Amino acid sequence: MERGLLWLPLLVLFFGLAWAGWNEFRKVEAYQRWAKGFDRAKYDILAVLGQRGDRLVWGKSSRTGVVEMQEFSLTEVTAIEVEVNGNPINEAHPPKSSRTVSLCFQRGEAGPIQVPFTEISLALKWAQALRSLDPETGQPKQVSPNS
């Protein structure tokens, strides 16, 4: 009887971990269905982000799909910054660790939009990729052979 009572917490822990894994698997499946319509997309536990042409869509992943979606155009954006712990960083020398990371889209009077990220390196890659796009078309900027 005592042995059974000792194993009961382990059994409960096993079922809890199995449920959490299934829950995360369903979130990733829902994200994959959502991301099919985008040129570029990212998933992490904090947020999902998709880019199609000059439009950016972001929200939170759930088992049923993406919720709390927001959408805006790159034509509205005046600057793209990576913020760590609420402060813009020097991208040439990013910090090694942080509590919070976000990609901040400055939009003039409309106010900034902050998309949370889990990794500084991923936020830096997105910032560089989005800066390399022509804001009017959302396509990579054309480099003239004379420049």
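What's counted below: heavy atoms across the whole structure, side chains too, no hydrogens, waters or symmetry copies. Everything numeric in this text was worked out from a predicted model, so none of it was measured.
In plain terms, the two heavy atoms of Arg52 and Gly37 that are nearest each other are NE-O, 2.7 Å. Contact detail for Gly50 and Phe38: the closest heavy-atom pair is C-CD2, 3.6 Å. When all heavy atoms of Pro116 and Lys42 are compared, the pair lying nearest together is O-NZ, 3.2 Å. Taking each heavy atom of Ala47 and Trp58 in turn, the nearest pair found is CB-CE3, 4.2 Å. Minimum interatomic distance between Gln51 and Leu130 (heavy atoms only, all atoms of both residues): CG-CD2, 4.1 Å.
Side-chain contact between Asn23 and Arg63 is present, with heavy atoms from C-beta onward closer than 4.5 Å. At least one side-chain heavy atom of Phe117 sits less than 4.5 Å from a side-chain heavy atom of Leu49. Val84 is not listed as a side-chain neighbour of Pro94, based on a closest heavy-atom distance of 4.5 Å or more. Counting only heavy atoms from C-beta outward, the side chains of Val115 and Trp126 never approach each other to under 4.5 Å. Taking the side chain as every heavy atom from C-beta outward, Phe105 and Glu76 never approach each other to under 4.5 Å. Annotation: side chain of Val82 is in contact with side chain of Leu103 (closest heavy-atom distance under 4.5 Å). Within the 4.5 Å cutoff, the side chain of Glu24 has heavy atoms near those of the Ile45 side chain.
Within a 6.0 Å sphere centred on CG of Leu46, heavy atoms belonging to other residues, nucleotides or ligands number more than 12.
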Side chain to side chain contact (heavy atoms under 4.5 Å, CB included) between Tyr43 and Lys27, worked out: CA-CA 10 Å; Tyr43 170 86; Lys27 282 183 182 181; 3.8 Å; yes
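In this structure, the separation between CD1 on Ile89 and CG on Leu124 is 5.0 Å, given to the nearest 0.5 Å.
Side-chain contact annotation: Asp54 with Ser73, donor-acceptor N/O pair under 3.5 Å present.
Side chain of Ser98 to main chain of Asn85: no donor-acceptor pair is present (N/O by atom type, distance under 3.5 Å, no hydrogens or angles). Proximity of a side-chain donor or acceptor of Arg107 to a complementary backbone N or O of Ile113 within less than 3.5 Å is not detected.
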